[in-house]
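Each chain gets a letter, A, B and so on, in the order its sequence line appears, and its residues count up from 1.
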Number of protein chains: 2
Amino acid sequence: MTRAPGAGAPTIRLLLADDHPVVRAGLRAVLDAEPDFEIVAEAATAEAAVEAAAAQGPEGVDVVLMDLQFGPGMHGAAATAAITAREDAPRVLVLTTYDTDADILAAVEAGAAGYLLKDAPPEELAAAVRTAASGRSALAPAVANRLMDRMRTPGEALSRRELEVLRLVKDGLSNQRISKELFLSQATVKSHLVHIYAKLGVDSRTAAVAAATSRGLIRDRP
Amino acid sequence: MTRAPGAGAPTIRLLLADDHPVVRAGLRAVLDAEPDFEIVAEAATAEAAVEAAAAQGPEGVDVVLMDLQFGPGMHGAAATAAITAREDAPRVLVLTTYDTDADILAAVEAGAAGYLLKDAPPEELAAAVRTAASGRSALAPAVANRLMDRMRTPGEALSRRELEVLRLVKDGLSNQRISKELFLSQATVKSHLVHIYAKLGVDSRTAAVAAATSRGLIRDRP
DNA sequence: CCGGCGCTCAACCTTTCGGTTGACGTTCGG
DNA sequence: CCGAACGTCAACCGAAAGGTTGAGCGCCGG
């Protein structure tokens, strides 16, 4: 936080990691307007972001603005984990379009210092960067609410195994195929499904997929 | 196309319609660099875009850069239809993140002059704007390929009714609930499903949803 | 004008799924 | 140390979904 000298307003060095040129240009335009921000690098891939974030000394990065969805290759969450694993690592602020449970938890577990949505107004963005640079956590209100909901209703949380089954169900596999995929008996798969239905308040596999998708427990693409 | 005077490089007036302030700033930064572009307005909602695109005379808009996904309220495709329905309407260039069949077809049917993906490089963006302003169509390569695929395999295209059924299946409804929803008998619903399975090459409702989603025939959110 | 396609429905059968009950071992925290 | 939660499996039954055959209607285009 105090890599740069200067008394009242230490400069915050930023790295922008997003695969969309337009978004990078937008972030640059928005954040360059802040006098205490300095954008020292951009990265169009998660791999490039990991590399760029490793710079030390006077070229070091204070805060990384990290998208989660890159095209092919490494995912933003993996890049976040790689960056924060190092010592004296910069803070990583995740900036993405979606606010699903899966994404948020993955980012938080990867060591993200904050989670913002791309529809955030510029002021909120700048405030979050300063919050992250100061070592505190920055969560968008919508994200914070979702985390609170999750805390409040722990019974509804699907277990690891149940999520695994549900993902295969979402991919269109039958119980028999799932049992082979996970080296289980069909009875076990059905048992998991019954528990899933109870937790989600539904009574069929398709409804479970719909409910889990709308609640952000699972994602469609990966 | 010749609203503005000037011989060699007539100015192209642009309207940016996107609900993300960062994206608007990025588009502005990228497009303001082009000497023959002038951004005359921005809109954060689809409704505002329809209104702003209605300006006539010297304040008129030549090309609208339209996002498809706005938060609540009107959809970008609906706004595109509303804008292009008028006489002497500006060209609408759809600029979105996804390249699903459903989105592309909706945009083309709404009268869009082009379809670009947000990960396009700035040069491609500027070129598409000029193409659209000149009255021609501008399709991103990925989008064009998808349309070609669709032309090549017309047998796989789901009918209107089949898509309607499939959407309800995706929402987790049983055949009985679907039949009531659409005022059909269960026999008809099953008949549609059999045809859907054949066209998609699957053999269950969940697999049909998975296949249709991955091919972009249906979308998760709306 | 007729063939094809989409939409509708019925009857029947097989397979899968949904739901229950009951059971056993493990792991973790009070 | 023991209950709670998770994960595993079996047997069973009714309900739903998958699959087939067959058939009637309306519309569009060759």
Side-chain angles (χ1 to χ4, degrees), chain A residues 101-102 105 109 150-213 217-218, chain B residues 101-102 105 109 150-213 217-218:
Chain A
D101 278 24
L105 287 183
E109 286 173 5
R150 172 168 277 260
M151 296 303 188
R152 242 177 271 131
T153 57
E156 282 184 18
L158 297 185
S159 71
R160 186 186 313 267
R161 200 60 163 165
E162 286 163 355
L163 262 183
E164 206 167 352
V165 170
L166 185 53
R167 264 188 269 268
L168 294 178
V169 169
K170 193 197 69 61
D171 290 338
L173 276 61
S174 67
N175 290 349
Q176 191 172 38
R177 297 266 290 110
I178 294 173
S179 70
K180 287 176 181 170
E181 194 80 20
L182 299 180
F183 305 103
L184 298 175
S185 77
Q186 296 187 43
T188 305
V189 175
K190 290 170 67 173
S191 177
H192 284 310
L193 283 176
V194 168
H195 296 151
I196 292 171
Y197 299 157
K199 288 179 177 178
L200 295 180
V202 298
D203 58 356
S204 77
R205 56 210 290 110
T206 46
V209 171
T213 301
L217 299 174
I218 54 179
Chain B
D101 279 24
L105 286 183
E109 285 173 6
R150 171 168 278 260
M151 294 306 187
R152 242 177 270 132
T153 57
E156 283 184 17
L158 297 185
S159 72
R160 185 186 315 267
R161 200 59 162 167
E162 287 163 355
L163 262 183
E164 206 165 353
V165 170
L166 185 55
R167 263 186 271 266
L168 295 178
V169 170
K170 194 198 69 60
D171 289 339
L173 302 194
S174 67
N175 290 348
Q176 192 172 37
R177 298 264 292 112
I178 294 173
S179 71
K180 288 177 182 171
E181 195 80 20
L182 299 180
F183 304 104
L184 297 175
S185 77
Q186 296 187 44
T188 304
V189 175
K190 290 168 68 172
S191 177
H192 284 310
L193 283 176
V194 168
H195 297 150
I196 291 172
Y197 299 157
K199 288 179 178 177
L200 296 181
V202 298
D203 58 356
S204 76
R205 55 210 292 109
T206 46
V209 171
T213 301
L217 271 52
I218 56 179

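The residue A/Ser204 sits close only to the backbone: its heavy atoms come under 4.0 Å of sugar-phosphate atoms, none of a base. At a threshold of 4.0 angstrom between heavy atoms, the contacts of B/Ser185 are confined to the sugar-phosphate backbone, with no base atom among them. Looking at heavy-atom distances under 4.0 Å, A/Ser174 makes contact with sugar-phosphate atoms alone, never a base.
Side-chain atoms of B/Ser191 do not come within 3.5 Å of backbone N or O of B/Ala187 as any donor-acceptor pair.
For A/Tyr197, no side-chain nitrogen or oxygen approaches OP1 or OP2 of C/dG19 to under 4.0 Å. Listed pair B/Arg160 / C/dG6 fails the phosphate criterion, with no side-chain N or O lying under 4.0 Å from OP1 or OP2. Regarding contacts with the backbone of C/dC9, a side-chain N or O of B/Thr188 is found under 4.0 angstrom from either OP1 or OP2.
Ranking D/dC9, D/dG19, C/dC9 by closeness to the A/Ala187 side chain, first place goes to D/dC9. Closest to the A/His192 side chain, of the nucleotides D/dG7, C/dC7, D/dC9, is D/dG7. The side chain of B/Asn175 sits closest to D/dA17 out of D/dA17, C/dC9, C/dT20.
Distance, A/Arg161 CZ to D/dA5 C1': 16 Å, rounded to whole Å. Atom CD in B/Glu162 sits roughly 13 Å away from atom P in C/dC5 (whole-Å rounding). As rounded to whole Å, 13 Å separates atom C1' of D/dG18 from atom CD of B/Gln186. Rounded to a whole Å, the CZ atom of A/Arg205 is 11 Å from the C1' atom of D/dA17. When rounded to the nearest whole Å, the span between CG of A/Leu193 and C1' of C/dC17 equals 9 Å. Rounded to an integer number of Å, the gap from A/Arg177 CZ to C/dC17 P is 12 Å. When the C1' atom of C/dC17 is taken as reference, atom CG of A/Asp203 falls 12 Å away, rounded to whole Å. D/dA15 atom P lies 15 Å from atom NZ of B/Lys190, rounded to whole Å.
Ionic pairing of B/Glu164 and B/Arg167 is not present here: no N-O contact between side-chain nitrogen and carboxylate oxygen is shorter than 4.0 angstrom.
Taken to the nearest 0.5 Å, the CG atom of B/Leu193 stands 10.5 Å off from the CG atom of B/Leu200. For the atom pair CZ (B/Arg205) and OG (B/Ser174), the distance works out to 7.0 Å, reported to the nearest 0.5 Å.
Along DNA chain C, the nucleotide closest to A/Gln176 and the one closest to B/Ser159 are compared, and the more 5′ of them pairs with B/Ser159.
The two residues B/Gly172 and A/Ser204 come nearest to each other via the heavy atoms O-OG, 3.9 Å.
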